[in-house]
Amino acid sequence: MGKNIVQKILEKHLVEGKYIPGEEIGIKIDQTLTQDATGTMAYLQFEAMGVDSIKTELSVSYVDHNTVQIGFENADDHKYLQSVAAKYGIIFSRAGNGICHQVHLERFGKPGKTLLGSDSHTPTGGGIGMIAIGAGGLDVAVAMADGPFYLTCPKVIKVNLTGKLQPWVAAKDVVLKMLELFTTKGNVGCVFEYSGEGVKTLSVPERATITNMGAECGVTTSVFPSDSITKTFLKAQCREKDWVELKADPNATYEKEITVNLCEIEPLTAYPHSPGNIKKVRELEGMDVDQVCIGSCTNSSFKDLMTVAHILKGKVAHPQVSFVIAPGSRQVIQNIALKGALNDIITAGARLAESACGFCIGNSQSPKSDAISLRTSNRNFLGRSGTKSAQVYLVSPETAAAAIITGKITDPRDLEKIGITYPQIKMPNKFFIDDSLFIYPPKNSEKIKIARGPNIGDPPASDPMVDTITGEVTIKVGDKITTDHIIPAGSKMKYRSNVPKYSEFLFEVVDPSFFERATKIKQTGKHNIIVGGESYGQGSSREHAALCPMYMGVKAVIAKTFERIHTANLINFGIIPLTFAKDADYDTIDQGDQLEIPNIRIHLKKKEKIMVKNKTKGSEFEVKATLSDRQRDIMLAGGTLAFMKTKQ
Ligand code: MIC
Ligand code: SF4
């Protein structure tokens with residue numbers, strides 16, 4: 001039987017299990033990437049493993065998230081990261097070099113390789129035919145130490161692209177269409193594999209926009225074939241030797257197939273507060289816009305910014321619009337500068353932000369109260385921009401540029417009515433390349449001292465699993481609770497290396513009194529329990545959404561369904577993810593209810609039925625622990641680090 005691309009790459013990297021969709025497998029990871037906000041904890045955990053150097057083909061530590069440096073904390077983290085990189089053989093990408101996913105695509109990604117990144121948008125690498133997966137920092141640390149990465153062998157969905165995008169319709173609109181079709185939930189354990197005639201019409205940056213935002217559907221990753229377009233891109237990056245061809249066999253089989261006709265896609269937007277809320281731009285046109293932000297790992301490539309520059313040439317931003325632009329990498333800035341496009345953008349009134357995550361993570365450029373903000377980024381969760389009352393719409397660079405000119409939500413196709421022609425951007429045959437902001441590790445690293453400023457603390461340790469969980473429902477939340485709801489990033493992100501302090505902000509956007517309640521419950525010696533609805537833990541890979549609850553004494557999360565990365569993080573930190581055997585039981589629980597899960601340790605060990613007693617309601621209900629044998633052992637040990645110690 002023929003093989004699809006996903007199967008070809010995964011089978012080549014298989015180190016444990018069999019390639020049977022739905023079953024757990026372990027794969028060898030060729031490359032890793034970390035970013036500073038998740039990296040500090042990842043490397044602290046790597047250090048705790050006692051390995052002398054990384055065992056991957058290539059590992060890169062990027063500084064791109066926390067670059068605001070208000071106070072010493074971020075700078076301390078950066079120094080720590082730089083010294084760890086030198087010590088263990090990791091390439092260090094200095095602040096200013098760009099956003100990890102964009103830079104990795106440009107300089108390091110290789111078709112056919114596996115990439116594990118401590119960031120949920122690592123699937124950007126699928127744009128050049130990698131199996132690129134986002135994970136918690138601890139999983140990345142394990143991969144750097146030569147451990148397998150465990151995942152559920154995915155169900156591969158073939159996305160057959162036909163036709164060609166119409167002028168003014170962008171790759172962003174394709175992935176927004178995918179979000180309309182697949183929504184943000186129910187796709188755990190799947191991978192999107194793109195194929196068909198339409199693939200040939202998409203450049204690498206366009207493909208990367210599509211694979212980047214597959215993360216919002218909750219798929220494990222997304223992948224494009226590696227073809228002549230990939231080769232041309234790598235050649236332009238002086239990396240032609242990294243190219244290999246990758247295509248599915250003609251008779252390859254898939255779990256499911258869908259066809260998306262590119263000709264039929266129109267400019268789309270994701271309206272507040274979920275990337276899955278899709279409408280046509282046409283339906284919202286005329287709405288006043290207060291802010292437009294162009295950038296993020298989804299849409300900040302050379303092609304994106306050249307498109308924007310062309311549209312804005314000779315125009316000035318509408319007086320009511322605050323216009324911010326954050327190029328994806330230093331290479332992008334250098335190349336658009338050489339073309340004169342940077343000048344066109346600045347002349348149009350752009351506030352040029354650092355080449356970093358910045359506004360996307362609410363680290364800067366929070367909009368005014370109740371603002372309508374149009375962003376080319378990938379997430380518009382409540383409060384993520386830093387302004388809880390703001391309404392964030394996710395759009396393509398074309399739609400963003402149209403609003404900059406008109407001050408209103410505008411279908412970019414209407415720009416032709418005011419004499420602006422559709423920009424046909426040609427990708428350069430050779431990019432201007434300057435790798436001087438990468439620091440390569442020295443050959444001899446013995447003398448290197450790891451820099452530990454006061455912001456660098458030890459990762460908190462977890463205890464072995466208790467016999468019986470006895471506690472209180474500290475919080476009951478609804479469906480689609482994201483990791484941004486669980487623990488915010490933005491201005492609080494500087495506490496990533498200080499777990500006790502960062503924990504104060506748990507559930508801040510949903511219920512700021514959570515921390516106080518959880519502290520009281522912990523002090524009485526009871527366990528904290530979280531109850532959630534469908535798709536709990538959407539969004540980022542941030543392991544602090546498990547680490548901080550663990551620190552606060554949360555022992556179980558009971559939800560209708562969980563998202564992939566968050567489930568793995570909960571297990572890594574010894575919090576048991578339990579699902580309702582009957583969804584209706586969710587309705588019988590209230591915040592403050594006293595729950596008991598008797599003999600959970602034994603039940604887990606013996607794979608027996610697990611019952612929860614609701615002592616407040618005098619009722620009982622069944623929950624499921626859907627764990628592999630490996631995950632079960634980790635849970636019993638109290639988390640991955642504790643489990644690894646039992647193996648030594
Ligand atoms: C995000 O986009 O939410 C982040 C910030 O990049 C996170 C990582 C983090 O929280 O540090 C992600 O996507 O994994
Ligand atoms: Fe950075 Fe935003 Fe991309 Fe996350 S989604 S990596 S915060 S640019």
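Worth knowing before you read on, the calculation uses all heavy atoms, side chains too, and leaves out hydrogens, waters and symmetry mates. Note that ligands are numbered from 1 as they come in the structure, with each ligand's atoms numbered from 1 the same way.
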S.K.: Could you find the nearest protein heavy atom to atom 4 (Fe) of ligand 2 and give me its residue, atom name and distance?
M.R.: His65 NE2, 3.8 Å
S.K.: Could you tell me if any non-hydrogen atom of Met213 lies under 4.0 Å from any atom of ligand 2?
M.R.: no
S.K.: Salt-bridge test for Asp484 and Arg542: reply yes if a basic N is under 4.0 Å from a carboxylate O, no otherwise.
M.R.: yes
S.K.: What are the two closest heavy atoms between Gly539 and Thr483, and how far apart are they?
M.R.: C-OG1, 4.0 Å
S.K.: Heavy-atom contacts with ligand 1 below 4.0 Å: which residues, ordered by chain and residue number?
M.R.: Gln35, Ala37, Thr38, His65, Asp119, Ser120, His121, Ile361, Arg379, Arg384, Arg496, Ser540, Ser541, Arg542
S.K.: So does Arg107 pair up with Asp435, basic N to acidic O under 4.0 Å?
M.R.: yes
S.K.: Mind listing the closest non-hydrogen atom pair of Pro205 and Lys303 along with its distance?
M.R.: CG-CB, 4.4 Å
S.K.: Can you find a pair of side-chain heavy atoms, one from Asn212 and one from Val175, that are under 4.5 Å apart?
M.R.: no
S.K.: Within a strict 4.5 Å, meaning less than it, do heavy atoms of the Leu115 and Asp30 side chains meet?
M.R.: no
S.K.: Please give me the minimum heavy-atom distance between Gly39 and Leu81, naming the atom from each residue.
M.R.: C-CD2, 3.8 Å
S.K.: For atom CZ of Arg452, decide whether the heavy atoms of other residues, nucleotides or ligands shown that lie under 6.0 angstrom number more than 12.
M.R.: yes
S.K.: Which residues and atoms, protein N, O or S only, are under 2.8 Å from atom 3 (Fe) of ligand 2?
M.R.: Cys297 SG
S.K.: Just checking, any donor-acceptor pair under 3.5 angstrom between side chains of Tyr495 and His544?
M.R.: no
S.K.: Does one side chain, of Arg375 or Tyr393, offer a donor that lies under 3.5 Å from an acceptor on the other?
M.R.: no
S.K.: Using a 4.0 Å heavy-atom cut-off, say whether Arg384 meets ligand 2 through its side chain, its backbone, both or neither.
M.R.: side chain
S.K.: Please name the pair of heavy atoms, one in Pro148 and one in Tyr150, separated by the smallest distance, quoted to 0.1 Å.
M.R.: CG-OH, 3.6 Å
